[in-house]
Structure formats: C-alpha cells, structure tokens
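For reference, the structure discussed in these notes is given below.
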There are 6 protein chains.
Amino acid sequence: MAPFVLPPWIVLDPLLDSWLREDIGRGDRATAGLTGIRTAQWRVKSAGRIAGLDVAARIFQRLNPTVDFVALVPEGADCEAQTIVAEITGSIGDLLTGERSALNLVMRLSGIATATSLYAAQIADLPTQLVDTRKTTPGLRILEKYATTVGGGISHRQGLDDGAMIKDNHIAAAGGIREAVTLVRESLPYPLTIEVEVESIEQLDVAMECGVEIIMLDNMPVPMMEVAVDACRKHAPHIKLEASGNITLETIRAVAETGVDYISTSAPITRSPWLDLSMRMI
Amino acid sequence: MAPFVLPPWIVLDPLLDSWLREDIGRGDRATAGLTGIRTAQWRVKSAGRIAGLDVAARIFQRLNPTVDFVALVPEGADCEAQTIVAEITGSIGDLLTGERSALNLVMRLSGIATATSLYAAQIADLPTQLVDTRKTTPGLRILEKYATTVGGGISHRQGLDDGAMIKDNHIAAAGGIREAVTLVRESLPYPLTIEVEVESIEQLDVAMECGVEIIMLDNMPVPMMEVAVDACRKHAPHIKLEASGNITLETIRAVAETGVDYISTSAPITRSPWLDLSMRMI
Amino acid sequence: MAPFVLPPWIVLDPLLDSWLREDIGRGDRATAGLTGIRTAQWRVKSAGRIAGLDVAARIFQRLNPTVDFVALVPEGADCEAQTIVAEITGSIGDLLTGERSALNLVMRLSGIATATSLYAAQIADLPTQLVDTRKTTPGLRILEKYATTVGGGISHRQGLDDGAMIKDNHIAAAGGIREAVTLVRESLPYPLTIEVEVESIEQLDVAMECGVEIIMLDNMPVPMMEVAVDACRKHAPHIKLEASGNITLETIRAVAETGVDYISTSAPITRSPWLDLSMRMI
Amino acid sequence: MAPFVLPPWIVLDPLLDSWLREDIGRGDRATAGLTGIRTAQWRVKSAGRIAGLDVAARIFQRLNPTVDFVALVPEGADCEAQTIVAEITGSIGDLLTGERSALNLVMRLSGIATATSLYAAQIADLPTQLVDTRKTTPGLRILEKYATTVGGGISHRQGLDDGAMIKDNHIAAAGGIREAVTLVRESLPYPLTIEVEVESIEQLDVAMECGVEIIMLDNMPVPMMEVAVDACRKHAPHIKLEASGNITLETIRAVAETGVDYISTSAPITRSPWLDLSMRMI
Amino acid sequence: MAPFVLPPWIVLDPLLDSWLREDIGRGDRATAGLTGIRTAQWRVKSAGRIAGLDVAARIFQRLNPTVDFVALVPEGADCEAQTIVAEITGSIGDLLTGERSALNLVMRLSGIATATSLYAAQIADLPTQLVDTRKTTPGLRILEKYATTVGGGISHRQGLDDGAMIKDNHIAAAGGIREAVTLVRESLPYPLTIEVEVESIEQLDVAMECGVEIIMLDNMPVPMMEVAVDACRKHAPHIKLEASGNITLETIRAVAETGVDYISTSAPITRSPWLDLSMRMI
Amino acid sequence: MAPFVLPPWIVLDPLLDSWLREDIGRGDRATAGLTGIRTAQWRVKSAGRIAGLDVAARIFQRLNPTVDFVALVPEGADCEAQTIVAEITGSIGDLLTGERSALNLVMRLSGIATATSLYAAQIADLPTQLVDTRKTTPGLRILEKYATTVGGGISHRQGLDDGAMIKDNHIAAAGGIREAVTLVRESLPYPLTIEVEVESIEQLDVAMECGVEIIMLDNMPVPMMEVAVDACRKHAPHIKLEASGNITLETIRAVAETGVDYISTSAPITRSPWLDLSMRMI
C-alpha cells in the first residue's frame with residue numbers, strides 16, 4: 001500500500017506555527033524554571049485508528065528542532081486502548097509547551113480516521129469507494145481530508161478550485177443543468193472535471209448529455225439509484241457516479257450495492273468524537 | 001443578560017480570510033458567469049442552539065462588503081428543526097463562494113453550543129458553573145471557547161499565557177507541588193492566577209498551603225471530592241475549586257452537588273456533532 | 001461570450017498589496033507636497049490586446065479607495081496604438097504613487113494576451129484549443145494564466161495540486177507508465193485527472209490501457225502525431241489529447257490539423273514582450 | 001570583479017516560500033509514492049548568460065534542507081547551448097516538486113541577464129553605464145534588478161523611496177521644475193538624490209540651477225543630447241546625466257558616444273525571452 | 001534565583017525577522033564584497049544593567065545560523081562602563097548587517113532594566129514589589145516587560161486579555177464600580193482576575209464588597225493610602241493592593257512603606273534613556 | 001511649510017494592526033457589555049510638541065472605521081500642559097480598546113519631536129541641519145524618523161539600503177577607505193550616495209579623493225572640525241559634511257558654527273522621555 005500523503009512542510013508549517021502561537025500566546029506561564037531532558041509517552045485511551053503522528057512530530061520540531069518524536073506505531077494503525085503510540089524526548093519545557101497543540105491535532109485527526117474506517121469497513125469488499133466532502137473545520141481542510149485517507153476513504157476535491165461541482169443552487173441560477181455546465185466549461189482549466197448534482201432520472205439524462213465527468217445522485221432512494229446506475233452504465237459508461245445524502249453506517253452498504261463508484265459523506269468529519277490520547281512523562 | 005462577547009474583528013479577520021482562501025484556492029470554478037442578486041436562506045436541519053451568526057456575516061463581508069447578512073434569530077437561540085436562522089442577499093456568486101466557509105463555522109460552533117447547553121442544563125439550578133478546557137481544534141480556540149459561552153458555560157483560560165495550570169507532569173518535573181508553585185510564582189505576571197491539579201487529599205492540603213488561587217480536583221470519586229470541598233471551604237475559603245475528569249451528562253449533577261465552583265469538561269468541544277444547516281436560494 | 005474570470009479579491013489582494021509595498025518601500029519621495037485632484041489617462045503605445053484593467057483598478061483602490069479608475073475599453077479589447085484605455089481620477093499623489101505597480105501589471109498581462117491571441121488566431125477555425133503551461137513568472141501564476149484566457153486560450157492546471165501530470169522523470173522514477181499511474185491514482189482526490197506524457201506510439205498504447213484522462217504527445221513529429229490521434233480516437237475516445245513541444249506561430253496550425261484536442265505552449269508567457277502603456281495627466 | 005550581490009536570505013525567503021506554495025498548492029499529486037535519492041541535471045537549451053543559481057539552490061533548500069544543489073558554472077557565465085549548469089541531488093519527490101519554481105526563476109533571470117549583456121556589450125569600451133528602470137514584474141523587482149547586474153548593467157533606484165525621480169507628471173503638478181524640486185527637497189532624507197527628467201535644453205538649464213544630483217535627458221535626439229552634455233559638463237560638472245527613451249541595440253552606442261554617464265532602458269526586462277532550461281534525472 | 005523567562009522563539013521570531021527586514025530593506029549597500037570571518041565585541045559605554053543578550057544572539061542567528069554569539073556576562077548583570085558583554089564571530093557581512101538591529105534592541109532593553117533596577121533598589125528590603133504598566137512601545141510589549149523582570153520588577157498583565165482592569169472611564173460608562181464589575185465578571189474566563197482603580201476610600205469600600213481580586217489605589221496621597229491599606233487588610237485580606245500614580249525615585253519608598261503589595265510605574269519604560277553599547281571588530 | 005510626510009497607509013497599516021493585536025490579544029476583558037457612543041478627549045500633561053495624531057486616528061479606524069478622531073491642534077504644534085489635542089467619538093468599547101495603542105504611539109513620537117525641537121532650536125538661525133541616525137526602536141524606524149521631521153530635523157537614510165555608510169568597521173575589513181569605497185561603488189544602485197566616516201584630517205583627504213558624496217566627521221574636536229570644513233570647502237565643495245558624536249544641547253551650537261551641513265545625533269530618539277497624554281471621557 002502506498003503511504004498516506006501529506007503535502008510538503010512548506011505548505012503546512014504556517015498552520016503548525018499558528019497553532020503553537022494560538023496556545024502559547026505571550027508565553028507558557030507554567031514551565032518557567034523547569035529544567036532537564038525528559039521522555040514522555042503518548043497513550044491512546046480508547047481503541048481507534050491513529051492519524052497525524054508525523055504532523056505532531058513536526059509541531060514539536062517547530063517549537064524546538066531538538067525535540068525527538070518517535071512514533072511507535074505506523075500511521076493508520078488500529079490501536080487498542082492503552083497503546084503507547086509515541087515517545088517524545090526533549091527539554092521538559094518544550095514537551096509541556098507543545099503538548100496540547102500536538103495532542104489536539106492528533107486526537108482530532110484520529111477521531112476522523114477512526115470513524116472513516118468504520119464506514120469504509122462496511123463496503124470494503126465492494127468496488128465502491130468512500131469519499132469525504134467540503135464540510136471540514138475551517139482551517140483544517142487539508143489535514144482533515146488527509147485523515148479521510150488514513151481512515152480508508154479517498155478525498156473528494158479539496159476546494160472550490162480543483163473541480164467544479166454544480167449543485168442545485170448553481171442550476172437554479174443558471175437556468176438549468178445544460179446552461180450551468182456550458183457556463184462552467186467555458187472558463188474551466190481543461191484538466192479539471194465537472195460534477196453535477198441530480199435529484200431525478202430526468203436530471204440524470206440531461207447531465208449525461210452534457211458530457212460532465214461525474215454525476216452525483218443526491219438523496220435518491222436506493223431503487224431510484226439502481227435505475228440511475230443502470231442508465232448511466234449503458235449510455236455514458238465513462239461518467240463516474242457518486243451517491244450522497246443521509247449516508248449512515250446502516251445504509252451505506254445498500255447504497256454501495258447499487259454499483260455507484262463513490263459514496264460521499266461528511267459524517268466522519270462532522271459527527272466523530274475525538275480519539276482521546278494523553279501524555280505522561282516516564 | 002450580557003451579550004456574548006467576540007473579540008474585535010481586527011483579531012478575527014485574519015482567521016476568517018484564511019478560511020475563505022482555504023476553500024476558494026485559486027478561484028471558484030462553478031460560479032463563473034452566474035449573475036444577478038439573490039437571497040438565500042439558512043435553515044437548521046435538526047434542533048439545536050445557534051452560535052456564530054455574527055462571524056458568518058463577517059465572513060461574507062470579507063468576501064464582498066456588499067453582501068447583506070440578516071440574522072433572523074438571536075445568537076444563542078434554541079431553534080427547532082427547520083427554523084430559518086438567516087437571510088443573506090448578495091450577488092449569486094458571492095453567496096455560493098462564501099457559503100461553505102460560513103456554514104462550516106456556524107455548524108461547528110452551534111454543535112458545541114448545543115452540546116454545552118445540555119451539560120449546563122443539568123446544573124442550571126446549582127451555583128456550580130460549567131467550563132471548557134484547552135482541548136480545542138487547532139486554530140479555532142477563541143471561537144470554540146466563545147461557543148462555550150453561547151452554550152451557557154464560561155471559559156477557562158484561553159492559552160498557556162493567561163493563567164498557570166500546574167499539572168501532574170509539572171509537579172513531577174519540579175519535584176513537588178510546593179516547588180512547582182514557587183517556580184511559577186517567581187515569573188508570573190502578578191494579576192495572573194495559579195491553578196494546581198490534585199489527585200488526593202494530601203495533595204490538596206499542600207496546594208492550600210501554597211496559596212494558589214484555584215485547585216483542580218482531578219478524577220476524584222464523588223465522596224473524596226466532598227471531603228475535599230469541605231476541607232477547602234474551611235481552611236482556604238478564597239480558593240476556587242474545579243472538578244475535572246470523566247464528566248458526562250449522567251455524572252455532572254452529582255459532581256456539582258459536592259459544591260465545587262466549576263466543572264470542566266472537554267466533551268462539548270471534542271465529542272459533539274456539528275449542528276446541520278443548509279443554504280437555499282429563495 | 002462569458003466574461004473573463006478573476007478569483008475573488010480576497011485571493012488577489014495580498015499580491016496587490018505586496019506589489020505596492022515593493023515599489024513604495026518606506027514612502028514615495030517624489031510626491032511629497034503635491035496636492036489636488038487630477039485625472040490621468042492610460043494610452044497603449046503599440047497595438048495589442050489589453051488585459052488586467054480590473055486588477056489595475058483594484059491596485060489603485062488598495063492604495064486609496066477614493067481613486068476612481070474607469071476603463072474605456074472592455075477587457076480583452078484589441079487596441080490600436082495610441083488608444084486611451086482608461087481614465088483615473090484621484091489625488092495627484094495617489095495617481096503617481098500607484099502608477100508603476102498598476103502599469104507594470106497591465107503591460108505584462110497585455111503582452112501575454114497579445115501574444116496568445118496571435119497563436120489562437122492561427123487555429124481559430126479548428127476545434128483544437130490553445131493552452132498554457134506551468135512556466136509562469138514566480139508569484140504571477142494566477143494572473144498570467146488569466147491573461148491566457150483573455151488572449152483566447154484556455155488554462156491548463158494551475159499548479160501541482162489540481163491535476164496530476166506524469167512526465168518522463170516521474171515515469172523513470174516509478175519504473176514505467178503503468179507503475180507511475182498506479183502510484184498516483186492511489187492517493188489522488190477522485191475528481192482530479194491524470195495526464196501522461198508520451199513520446200512514442202508504444203508509450204501511447206500503455207497510457208491508453210492505464211485509463212488516464214489525458215495524454216500529452218510530447219515533441220512528436222506531425223506524422224507520428226497523426227498516428228497517435230487515430231489510435232486514440234479508435235481505442236480510447238474519451239481520452240483527451242494534448243500536443244506539446246516546440247510550438248511556433250508557423251507550426252501550430254499543422255499540429256492542430258492532426259486533430260489533437262489541445263496544444264500547449266509556454267511561448268506567449270515566456271517569450272512575449274510587454275505591451276507598452278504610459279500614463280499622462282490631463 | 002566583485003561578486004554579484006543578493007540581499008540576505010531573510011529578505012528573499014518570504015518570496016521563495018510564496019513561489020513554492022503558489023505551485024504546490026495543497027500538495028503535489030504526481031510525486032506520491034515515489035521514493036529514493038536521485039540526481040538531476042539542469043541544461044540550458046540555447047546559448048545565454050546564467051543568473052539566479054544561488055536563488056534556485058535556496059528554493060530547493062526551503063522545500064527540504066537536505067537537497068544538495070551544486071552549480072557547475074559560476075553565476076553570470078555565458079553558456080553554450082546544452083551546457084549543464086547544475087546538478088541537484090535529493091529525494092526524487094523534492095526534486096520534482098521544486099523543479100518548476102526553481103527553473104522558472106532561473107529562466108526568467110537568465111533571460112534578463114542575457115538580454116542585458118547584449119546591450120552592455122555595445123558600449124563596453126565606453127565609460128557610459130547601462131541601467132535598468134522600475135518597469136519590472138510585480139513581485140520580482142529585487143531579483144530582476146539583480147539580473148541586470150549579472151548582465152553587466154548597474155541598477156537604478158529600487159523603488160519610490162531610495163531616490164526621488166521628478167518626471168513630467170510631477171513637474172506639471174508642482175507648477176514647474178523649480179517648484180517640484182523645492183517640494184521634494186524639503187522632506188527628502190538628506191543622503192538621497194534628486195533626479196529630474198528634462199525634454200529640452202531650457203528645462204536642462206533650470207534643472208542645473210536647482211542643484212539636483214541627476215538629470216535625465218528624456219527622448220532627446222542625439223544632437224540635442226550632445227548639446228545637453230556639453231552644457232552640463234561646463235556648468236554643472238557634478239551632475240550625473242542619464243539618457244532614456246527608445247534605446248535599442250542599434251541606437252545605444254550613438255547615445256553613449258554623446259558622453260552621458262548612464263543609459264537607462266527597460267528593454268532587457270520587458271522585452272527579453274526567457275532562457276530555456278530543462279531538468280533531467282541522471 | 002529563577003532565570004529570566006522569554007517566550008519560545010516561535011513567538012518572538014516574527015518580530016526579530018521584521019526588525020532585520022526593517023533595517024536591511026532591499027539589501028545592505030555597504031557590505032558588498034567584504035569577505036572573511038571576524039570577531040566583534042560589544043562594549044557598554046556607561047554603567048548599567050544588561051538585558052536582551054539572548055534575543056541579540058537570536059537576531060544574528062535569524063540573519064545567518066552560522067553566526068556565533070557568546071555572551072560574556074550573565075543576563076541581568078550590572079556592568080561597569082567599558083565592560084565587554086559579548087563576542088560575536090561570523091562573516092564580516094553578517095556582523096555588520098545584523099549589528100544595528102541587535103544593538104538597538106539590547107540598548108533599549110538594557111535602558112529599561114537599568115532604570116527599573118534603580119526603582120527596585122529603593123524598596124528592595126520591603127515586601128512591596130515593583131510592577132510595570134501597559135505604557136510600552138508599540139510592538140515591543142513582551143520584551144519591554146521582560147526587561148522589567150531583568151530590572152528586578154515583576155510584570156503586570158501583558159494586554160487587555162489576561163486580566164481585567166476597570167478604570168475611571170469604565171466605571172463612568174458602566175454607571176458605577178459595582179455595575180462595571182458585574183458586567184466584566186459575566187464574560188470573564190474564570191481564572192482571570194479583576195482589578196479596580198479607586199481614588200477614594202468610598203470607592204475602596206465598594207470595590208472590596210464587589211469581590212475583586214486587586215484594587216489599585218490611584219494617585220492617593222500617602223496618608224490616604226495608609227488608611228486604605230489598613231481597611232483592606234482588615235476587611236478583605238485576600239485582595240491585593242497596587243499603588244499607582246506619580247511614582248518617582250524620591251517617592252517610591254514612602255509609598256511602599258504604606259504596605260501596598262505592588263507599586264506600578266511606567267517611568268522605567270517611558271522615561272529611561274537607552275544604555276549605550278557599541279560594536280567593534282577585534 | 002510643506003506638511004510632514006507619512007508613507008501611504010498601505011505601508012503602515014500592517015504595523016498599526018500588529019500593535020492593536022499586541023494589546024488586545026484574544027479580546028478586551030474590561031469592555032464587555034459597555035454600550036453607547038461617547039466622546040473622549042486627549043490631553044497633554046506637560047508642555048511639548050505633538051506628533052503622530054494622524055497615525056492615532058488611523059489606529060482607531062483600523063479597530064473600527066466608524067470611530068471619528070478629530071485633531072484639535074495641527075501636527076507639530078507646541079502645546080502647553082493641559083492642552084486638549086484631540087476629541088474622539090465612537091462606541092465606548094472601541095474608544096477604550098484602542099486607547100492605549102494609540103496613546104502609546106503618540107506619546108512616544110511626541111517625546112521624540114519635543115526633544116528634537118530643543119536641539120533644532122539651538123541652531124535654527126544657522127544653515128546647519130539636524131539629522132537622526134539608525135538608532136531607532138526596532139519596528140518603529142519609519143515613524144520615529146517621521147517624528148524627527150516633526151521636531152524640526154530632517155532624516156538621515158532610512159535603512160541599510162537607501163544609502164551606503166562606510167564606517168570604521170567597514171574600512172578595517174576592506175583594508176582602507178579607498179578600498180572600501182571601490183567595493184561599495186561597484187554594486188551600488190547609481191542614484192545612491194556613499195558616506196564615509198573619518199576620524200582625522202588624513203582620512204578626510206583620502207575620502208575627498210575617493211569621490212564620495214558625504215563625509216562624516218566622527219567625534220572630532222571642534223578645532224579639528226573647523227580645519228576639516230575649510231579643507232573640504234576648498235577642495236571638494238560638492239561633498240556634504242556631517243558632524244557626529246557626543247552632540248548635546250550644550251555643544252550642538254559650537255559644532256554647527258564650524259559650518260558643517262548636518263549634525264547627526266541619536267539623543268532625541270534614544271534619550272527622550274515620552275510626552276505624557278491621557279484620555280478622558282466627556
């Protein structure tokens with residue numbers, strides 16, 4: 001399996017620095033005068049899939065390059081409760097000052113990865129893939145979508161600019177699917193794709209004729225979705241199909257069995273609890 | 001009741017701008033060519049407490065100052081499902097380009113406010129107050145803690161610099177509570193307070209002698225907590241007492257009834273689902 | 001025709017501000033003491049296609065919102081020498097302080113648009129479209145690619161992240177086209193496309209089998225390109241074909257007549273002189 | 001000869017970082033999964049003068065400090081086509097991710113240096129020096145002016161603040177050369193110089209009386225320029241004379257032979273093609 | 001004694017970088033061509049207390065990590081005139097380019113530390129402590145308050161957010177001390193303290209009843225201050241008392257003898273001359 | 001008289017914003033709940049020259065554009081103690097939140113302007129002009145030098161880049177004045193000037209021969225300075241002469257009477273107390 005892919009640090013470092021500054025403010029009042037090199041351990045407090053260890057290591061490095069962060073499990077590992085996932089060695093002050101920023105990030109990402117893995121497990125034997133959405137915490141888009149991949153899903157577009165999604169509001173404003181697609185295509189960088197959201201078989205037919213690359217079946221009942229998949233496979237086999245709307249752990253498998261290529265859901269990002277971890281000196 | 005208090009925009013604007021840029025990237029591919037002024041409505045899809053409407057308005061204003069965002073419910077309102085909470089009028093392009101950044105923020109903050117309000121309701125008739133922690137999403141500290149207040153809690157310190165919390169790791173590193181407090185006090189700006197985390201009555205006694213301003217009773221069973229409260233009220237009535245550790249909706253009332261001043265829990269921030277809202281043109 | 005599409009100002013403003021600061025440094029030494037409101041005209045000094053007027057207007061607004069910039073020709077107009085393209089009214093100091101930053105930008109973008117329009121004109125009656133590359137001036141990517149569209153081309157991907165281009169170096173590193181495509185597909189956000197650069201019919205065959213979305217025919221002689229187009233239209237009609245390498249005003253039409261969908265060239269951006277404009281008070 | 005002088009990296013790094021971020025966006029989609037250390041070579045594809053190698057090295061270092069960039073020719077070398085100018089060793093991912101930002105910069109600067117060297121060669125045996133102008137690409141001022149020096153010219157002022165240039169528009173606004181000079185002198189930091197643009201012998205006479213440090217002979221025919229030089233050498237020998245306007249490779253020598261101290265032209269920056277370079281793994 | 005406490009570099013580096021950029025601008029014109037490694041010495045030119053050496057070292061490191069800055073006296077040392085306080089070894093260019101930014105900072109901080117130490121010496125045998133105010137140079141708050149601690153004082157709050165100071169204007173706006181305190185308490189993060197400024201015994205009585213943590217006796221004559229201290233010690237022994245207003249080297253001891261806990265004065269920051277230092281190569 | 005010249009706001013705004021953020025931190029704890037529009041007055045508490053009122057107005061505007069700041073005296077006015085210099089109308093919260101940042105700036109700048117005016121008054125009837133140095137508070141260079149001009153001096157160069165000052169350390173490193181000047185001249189943008197620091201008549205002679213534009217007579221006794229002025233006026237009348245070193249209010253006139261063009265001193269910036277101002281609601 002390919003490793004999970006983070007962007008280069010030059011992209012992430014400004015975020016990491018801003019998080020440290022957010023927490024530290026004008027200085028850490030509680031570490032003044034503490035001295036010595038210590039080692040701390042990170043322990044997960046309940047079972048879950050770990051995500052973000054490399055980012056945590058980098059957070060400590062941004063605080064002080066001499067901190068040594070050693071991950072004890074691979075990224076994406078499914079950990080039992082009480083697993084020690086990392087050992088961090090450095091000055092006691094650096095360990096305590098960087099602790100919360102680093103832990104908060106890993107707890108949030110691991111919560112997403114854990115929830116994603118539960119959804120992905122439901123359809124693991126089917127060709128359908130689980131994808132995320134643009135419902136992400138402001139400021140954390142890249143890393144929350146990274147957690148999706150650690151959880152076993154793949155990412156949807158990252159923003160408004162690396163793909164064109166034409167939704168109901170766009171269609172209404174343009175005066176129809178055909179008009180909306182035409183407007184978008186005129187100014188779209190050519191390698192980018194167009195996805196259209198459809199709510200009926202009639203809309204599906206129009207979308208197929210427009211030559212879009214992806215069609216999202218939005219909130220369709222499963223039987224209608226089956227009709228849609230059949231129609232599209234017959235008339236426009238190169239178009240990718242994405243199902244969306246009210247996906248739950250209970251419903252996801254039935255949706256996947258319709259044969260759609262992708263199922264998108266925001267739930268692992270918008271509804272998942274953080275995975276609890278704690279740090280303790282050894 | 002005093003209004004909920006956001007910091008001046010000059011503090012928040014850089015965050016808001018970064019969120020818009022995160023989502024927009026190099027441009028919104030789907031709104032090219034759409035023209036006209038439209039009005040959109042925001043609707044909550046399940047019951048909950050709304051938070052962040054002023055921030056959402058500002059997000060649209062940062063995108064284009066001509067967008068007019070009208071909140072239809074007051075900040076902190078408990079809304080039924082399907083309540084329309086805001087109407088936004090502006091160019092169709094601005095409405096669609098700003099939609100997700102603004103909605104994501106309000107959905108996240110409202111999720112926190114909603115969860116917080118459930119915890120706060122359990123102890124509303126008692127003098128004990130609910131407080132948050134530093135377990136917040138990296139980059140969203142100020143606003144997530146603001147959501148705590150909308151939910152009926154009050155905020156703990158905002159970072160490492162506006163209060164000194166001496167925890168187990170600090171105590172171990174310093175060689176004891178007394179030593180840790182002494183070290184901190186030497187360099188602490190004088191209006192700031194020191195809080196010490198204690199896990200036993202013995203530690204409590206030391207902490208009281210050290211003249212700290214706040215003592216956190218960490219993970220104490222309720223009976224031990226009752227002993228602690230009694231001891232502290234008798235010997236050090238000016239010290240504030242905070243209970244922490246494994247607070248749930250089921251246990252919070254019993255903890256409050258011990259008479260502690262504050263109960264801190266990260267659950268409304270780390271374990272709450274977002275409140276779902278959607279935008280539709282009218 | 002749809003209007004040319006700039007990203008929202010919140011994306012561009014930091015660039016514009018940095019340009020003003022680059023030129024102004026610690027202050028404009030030559031405008032001290034000059035007073036009064038004046039109107040200036042911008043005149044093109046040789047024939048060409050104008051691009052960037054809205055950006056110029058915004059540059060003056062960033063310097064001082066009271067400056068009034070009125071474009072006298074539409075964006076993308078082909079202007080004769082001596083055409084007055086804009087009138088700008090404001091305090092004499094603001095006009096002179098902002099002049100060079102605004103002019104430099106428009107001269108550069110108009111130079112690109114002018115050159116692009118010459119290439120595009122050669123193939124205007126054919127379905128093939130002209131596209132740009134990632135050879136752009138550091139810091140000006142978005143706006144130089146915008147100038148491509150004003151010149152009559154369409155944009156290729158904007159960066160390393162909104163499309164995957166697999167070139168000779170990637171293929172060599174991965175051990176083959178097939179291996180390279182597989183590696184990329186594993187972590188690619190699903191709406192994004194993969195383009196592979198091929199230099200022979202054998203490579204083309206492999207690329208078609210790999211299910212990529214775009215194939216670039218790199219530096220192929222026209223006869224080989226014709227073979228390639230035929231093969232691809234027959235076996236993989238949904239794959240887009242791009243021709244690249246040593247495109248000149250003389251050769252572009254013959255390349256287009258092979259039936260490729262896109263011809264990419266960096267020449268309008270890397271080899272075009274600026275369109276000269278000057279400002280004078282009236 | 002003194003080495004060409006770049007400002008300290010602390011001045012340039014923010015630019016370099018912004019260029020990497022511009023190209024990388026949210027991540028490089030094509031290098032995921034590529035592993036191993038490789039060496040790449042940079043080859044110039046046509047003859048020209050190389051400029052910017054140290055900056056290219058720094059760009060790779062900002063991406064990853066472990067990349068080793070070895071220049072094989074000295075900065076400012078006149079290279080034959082196919083010369084290998086640098087070897088770069090690092091992880092295959094870093095080489096490919098940083099390639100375009102680094103190459104674009106060097107191609108642009110080398111194009112300027114090459115064009116500048118052609119102009120400078122025309123007057124190399126005369127005391128007159130070639131200088132650039134403020135017509136530079138927004139955001140690249142410092143480095144484009146650096147390329148001027150690599151090309152054999154010297155730089156004019158860097159911005160509006162390190163010298164006062166009084167041009168026709170300033171003169172008109174102030175009501176005359178004398179008035180304009182007086183206004184500027186009053187607030188000018190005292191080590192800074194004043195340059196006045198004159199278009200006639202009458203204006204020259206006034207400028208000489210005003211005690212300015214530099215006079216620009218703007219668009220004067222060569223015979224008038226000869227008169228101007230004579231007059232100035234006789235009456236104000238400490239004033240430096242700069243010729244400007246419509247300088248070409250054909251006309252520059254005749255202008256220099258009038259005896260002016262400096263000839264300024266924007267052509268090497270606004271009209272030069274980039275020097276083409278390519279990178280290939282070895 | 002605990003060491004003086006600076007915040008982590010990640011907090012300060014942006015400031016340090018901005019200072020270097022402020023001085024360097026587009027490049028150091030006077031160091032071009034200078035080569036070789038040299039050692040420079042910093043000498044204090046009059047007696048005083050040195051502060052900021054670690055920051056100076058970091059400034060040079062930000063310019064070039066190879067510069068080696070060796071402090072020859074401990075931070076906070078009281079130096080005779082002509083004491084050599086540091087030796088700095090590095091390239092001659094780096095030493096000269098970084099010299100002024102680093103020296104300016106240390107001269108300013110040492111001036112504050114020196115002045116502070118004079119005030120602190122007046123009350124060194126008394127329990128009263130000297131504190132600073134928010135009258136600090138814009139942009140230097142953290143470091144000027146750090147200099148206070150080097151001078152022997154302790155810091156007051158660092159900004160508007162880590163403590164609530166209710167002054168005459170707040171009281172007037174709220175309609176009274178009681179109303180002002182109530183308003184503030186409602187939204188105050190709970191570990192933060194409230195300080196109220198009082199000008200009379202009547203106001204003192206109200207403030208004591210309001211349960212504030214600190215009371216500032218503003219501009220009170222010493223006899224009134226004695227009454228105030230007595231009243232507060234008797235009725236509200238946990239409230240800290242701060243004296244403020246027209247504190248001079250002559251008056252400070254009498255004020256301290258009233259028994260107040262803290263005496264605040266802006267004089268060491270707003271009225272102190274810089275301590276002169278110079279750098280010379282050896 | 002020409003007005004005092006500030007750079008455009010686009011240059012200063014980032015500084016102003018950073019000062020507000022420095023003081024506000026995460027929010028103003030003391031203004032929560034205060035409502036209503038109020039007017040405040042600024043009063044100088046001792047006599048002095050006022051500087052920075054436009055900057056103060058802008059600071060309030062950056063906080064909230066609706067604040068109305070009305071200066072009641074012109075910039076540079078010499079005010080008696082108790083003069084009301086400005087009235088500011090706005091929401092009570094904005095007035096109190098912005099108060100300290102704005103006041104601190106004006107107090108600092110006015111302190112400099114006041115001290116400068118005292119030095120300037122000593123030589124007001126002589127042609128010699130008072131100039132400042134690069135000994136300025138890190139981060140405040142532009143504005144402290146602006147205050148010099150309000151005080152009646154003129155500014156020296158603003159940084160290392162808008163003039164070349166060759167000092168003893170440069171001369172030693174280069175191997176002599178002549179060598180140092182030659183090195184600098186080679187890479188100097190041509191409108192910039194070179195100033196050389198000399199300590200003896202022998203050095204003066206060399207400097208005159210090198211064709212520098214300015215010579216600084218460093219720490220010369222007045223009789224030696226007279227010899228230097230005579231020599232320079234006779235042999236190199238176009239060279240400007242600057243006296244420097246140990247200038248005091250007592251010595252400045254004697255130095256000016258030697259006939260030097262400029263006297264530079266850092267004292268008004270490094271040794272001046274702030275001018276005290278206070279704000280009160282009316």
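Values below: every heavy atom of this structure, side chains too, minus hydrogens, waters and symmetry copies. Order of the sequence lines sets the chain letters (A, B, ...), proteins ahead of strands, with each chain counted from 1.
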For a 4.5 angstrom cut-off between non-hydrogen side-chain atoms, does [X] reach [Y]?
X        : Y        : result
C/Val106 : C/Val55  : no
C/Asp162 : A/Pro191 : no
C/Ile194 : C/Arg185 : yes
C/Gln203 : C/Val196 : no
A/Leu118 : A/Gln122 : no

Could you name the residues of residues 254-271 of chain C that have a heavy atom within less than 4.5 Å of a heavy atom in chain A?
-> C/Tyr262

Contact listing (chain A partner; residues 128-160 of chain C; heavy atom under 4.5 Å) | C/Val131, C/Ile154, C/Ser155, C/His156, C/Arg157, C/Gln158

Spacing of C/Ile247 atom CD1 and C/Asn219 atom CG [to the nearest 0.5 Å] |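 Atom-to-atom, C/Ile247:CD1 and C/Asn219:CG are 8.5 Å apart.
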
Non-hydrogen atoms of [X] and [Y] that approach each other most closely:
X        : Y        : answer
C/Gly52  : C/Leu105 : O-CD1, 4.5 Å
C/Tyr190 : A/Lys240 : O-NZ, 3.3 Å
C/Val184 : C/Ala164 : CG1-CB, 3.7 Å

Partners of A/His235 by ring-ring contact (aromatic ring centres under 6.0 Å, His included), sequence neighbours excluded?
-> none

A/Asn246, CG atom: more than 12 neighbouring heavy atoms under 6.0 Å | no

Anything in residues 206-217 of chain A with a heavy-atom distance to chain C below 4.5 Å? Please list those residues in order.
-> A/Glu213, A/Ile214

List the steps and the verdict of side chain to side chain contact (heavy atoms under 4.5 Å, CB included) for A/Leu183 and A/Glu179.
-> CA-CA 6 Å; A/Leu183 273 178; A/Glu179 292 75 7; 5.8 Å; no

Verdict with supporting geometry, A/Asp218 and A/Lys167, side chain to side chain contact (heavy atoms under 4.5 Å, CB included) | CA-CA 10 Å; A/Asp218 189 39; A/Lys167 309 173 99 166; over 6 Å; no

